Amino acid sequence: MLSNQGGTTCKWSLSRMDSEWSDRWSHLKKILERTGPFTHSDFEPSPETLNFMQESLRILVVGAGGLGCELLKDLALLGVGNIDVIDMDIIDVSNLNRQFLFRPKDVGKSKAEVAAEFVNTRVLNCKVTPHFAKIQDFDESFYRQFHMVVCGLDSIVARRWMNRMLINLLNYEDGILDHASVIPMVDGGTEGFKGNTRVITPGISACIECQLDLYPPQINFPLCTIAHTPRLPEHCIEYVRILMWPKEHPFGDNVAIDGDDPKHIQWIHDRAIERANNYNITGVTYRLTQGVVKRIIPAVASTNAVIAAACATEVLKIATSCCAPLNNYMNFSDTDGIYTYSFEAEKKDDCIACSQIPQTLHFKSENKLRDIINYLMESASYQMKSPAITSLINGKSKTLYMKTVKSIEEKTRENLNKSLTELGLIDGCEIYVADQTTPTSISFKLSLTSQMEN
């Protein structure tokens with residue numbers, strides 16, 4: 001019945017089919033219009049529930065890649081009428097084998113915009129609004145618009161940032177959480193044939209920061225192997241990334257590698273091939289180069305489909321109370337057969353993000369500022385990427401170090417090797433730390449002791 005000979009005929013056919021398909025939502029109505037043994041205690045069967053999903057419910061999908069495409073499709077076909085999607089990437093040829101909303105003609109275009117247009121065309125009762133931007137480009141007022149956030153990300157940093165944003169939106173009155181300010185987050189993640197789905201209720205259940213140790217550590221190759229005895233194509237790529245780039249400055253001084261810039265990846269790829277040829281190593285490709293630089297693990301379409309379906313199901317359960325939501329973490333693996341397991345990730349009492357306990361750092365007065373920065377980056381509790389530190393002493397604010405702004409970094413670099421005493425920091429003073437993992441600065445209280453006291 002659907003014609004592929006012209007957009008007008010195809011759209012007319014879709015409209016006609018949509019209007020004549022009177023029982024389109026019959027299976028969903030069976031869930032929403034009657035009770036059952038698994039319904040939540042707050043559930044009230046009603047035809048209005050489906051109307052709410054189609055007309056009022058507003059969902060934000062973060063990411064329009066392999067997992068994001070599946071999420072958009074599932075949510076649209078589930079009856080969600082208003083969806084926003086954020087993605088900063090453009091479509092690459094390598095995406096087409098699993099990101100099914102895209103076609104060869106779309107290469108070079110915005111993922112968010114193309115995905116939104118595709119869904120809007122195919123699912124006529126759904127409106128998807130695209131945002132070709134970073135999540136950091138929006139403030140709290142933007143995120144307050146949504147009933148729920150669904151993440152299909154390949155970045156732990158972005159997950160942590162979104163987690164902190166939703167926690168920042170919480171309102172407390174006399175220490176009691178205002179539940180009207182809670183915006184649940186459904187997070188999906190895939191890694192080859194493995195995946196997970198988790199439901200985060202900010203301020204109530206465990207958040208991303210509570211369970212940072214659940215994420216696998218990055219694979220790092222020994223520097224001696226990279227420099228002297230490379231055996232793998234990855235060793236050659238890492239050699240160029242770690243040693244050649246900062247030495248040769250191919251695109252100018254202090255220009256960091258951008259994994260999404262084709263010129264950067266091509267330069268690393270070409271040099272890696274030269275090194276691989278010197279050691280008779282094969283297998284260096286452009287795709288592998290980008291994967292190593294961006295720490296990308298190959299995606300599997302079937303895993304994306306399963307995890308997206310699980311996330312969409314959780315959205316339905318939370319939005320309608322038709323069933324108790326996941327509590328609160330589900331693992332999935334189809335490496336050797338199909339295996340799933342769910343458990344409750346516990347809320348961390350002193351979590352840096354969601355607890356109400358002030359954070360304290362314990363150091364000696366003789367320690368250097370560099371020691372604090374290294375601790376914030378290496379500690380399992382913080383795992384920051386590039387912390388910038390500002391002090392507050394006697395009501396006066398002073399920037400001690402900031403790497404991300406070149407002019408400030410140059411002026412504050414010498415502070416790295418100064419002791420905390422030399423910087424004027426005293427026991428009980430406060431420092432504020434900004435990092436790309438959080439939308440707002442984190443306040444720490446310094447507990448300082450001298451060498452003699454020990």
Side-chain angles (χ1 to χ4, degrees), residues 1-18 59-78 80-135 137 150-155 158 188 190 258-270 285-291 293-294 296-305 307-309 312:
M1 182 172 178
L2 297 182
S3 168
N4 60 1
Q5 297 180 355
T8 303
T9 305
C10 182
K11 193 168 184 178
W12 176 84
S13 300
L14 280 170
S15 301
R16 180 178 178 184
M17 183 177 67
D18 189 57
I59 301 293
L60 174 64
V61 174
V62 184
L67 192 56
C69 284
E70 292 281 355
L71 285 168
L72 289 170
K73 177 259 295 180
D74 289 350
L75 293 171
L77 296 178
L78 197 59
V80 179
N82 297 283
I83 304 172
D84 286 55
V85 57
I86 299 178
D87 198 296
M88 61 176 284
D89 288 341
I90 60 173
I91 300 166
D92 185 76
V93 173
S94 63
N95 302 146
L96 302 181
N97 70 328
R98 65 194 182 280
Q99 299 176 21
F100 60 91
L101 299 183
F102 310 140
R103 299 293 182 267
K105 64 180 178 62
D106 300 321
V107 171
K109 299 179 181 178
S110 158
K111 286 186 177 181
E113 292 173 356
V114 173
E117 181 182 5
F118 192 105
V119 175
N120 288 337
T121 301
R122 294 292 293 269
V123 187
L124 301 182
N125 65 304
C126 181
K127 177 186 176 183
V128 181
T129 303
H131 304 277
F132 181 32
K134 300 178 181 179
I135 55 176
D137 293 338
V150 188
C151 293
L153 294 162
D154 60 2
S155 166
T190 63
D258 182 353
D260 294 309
D261 189 325
K263 294 180 180 178
H264 290 197
I265 299 301
Q266 190 65 52
W267 188 90
I268 296 173
H269 170 257
D270 294 343
T285 65
Y286 183 93
R287 185 175 182 180
L288 178 64
T289 302
Q290 188 172 45
V293 171
K294 295 182 67 176
I296 294 174
I297 298 171
V300 176
S302 59
T303 310
N304 286 335
I307 296 303

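Quick caveat, the model's predicted, so the values are computed rather than measured.
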Just to verify, what does [X] make a side-chain hydrogen bond (donor to acceptor under 3.5 Å, both in side chains) with, not counting sequence neighbours?
X	result
Lys109	none
Asp84	Arg58, His131
Asn120	none

Can you measure from [atom1] ([X]) to [atom2] ([Y]) and round to the nearest 0.5 angstrom?
X	Y	atom1	atom2	result
Ile91	Leu96	CD1	CG	7.5 Å
Cys69	Asn95	SG	CG	8.5 Å
Asn82	Ile59	CG	CD1	9.5 Å
Asp92	Arg287	CG	CZ	9.0 Å
Ser302	Arg98	OG	CZ	12.5 Å
Thr190	Asn304	OG1	CG	4.0 Å

Are the side chain of Asp74 and the backbone of Leu71 linked by a donor-acceptor contact shorter than 3.5 Å?
->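 Not at all, since once roles are kept as given, no pair shorter than 3.5 Å links the two residues.
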Please answer whether the main-chain N or O of Ala64 pairs with a side-chain N or O of Asp87 as donor and acceptor at a distance below 3.5 Å.
->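 Looks like yes, one N/O pair under 3.5 Å.
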Just wondering, do Val61 and Ile83 contact through their side chains at under 4.5 Å, heavy atoms?
->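 Yes - at least one pair of side-chain heavy atoms lies under 4.5 Å apart.
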Hey, does Val150 have a side-chain heavy atom less than 4.5 Å from the side chain of Val62?
->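 Heavy-atom side-chain distance check fails, nothing below 4.5 Å.
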Heavy-atom pair with the smallest gap, counting every atom of Ile90 and Phe132 |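 What the structure gives for the nearest pair is CG2-CZ, 3.8 Å.
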With sequence neighbours excluded, what pairs up with Ala76 under the side-chain contact (heavy atoms from CB on, under 4.5 Å) test?
->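 If we apply the side-chain contact (heavy atoms from CB on, under 4.5 Å) test to Ala76, skipping adjacent residues, the hits are Val119, Val123, Cys126.
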Please identify each residue that fulfils side-chain contact (heavy atoms from CB on, under 4.5 Å) with Asp261, with sequence neighbours left out.
->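 Expected list: Asp258, Lys263, His264.
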Are more than 12 heavy atoms from other residues, nucleotides or ligands located less than 6.0 Å from atom NZ of Lys294?
->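 Enclosed.
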All N/O donor-acceptor pairs, side-chain side in residues 111-118, below 3.5 Å, sequence neighbours left out:
from   : atom 1 : to    : atom 2 : distance (Å)
Lys111 : NZ     : Gln99 : OE1    : 3.3

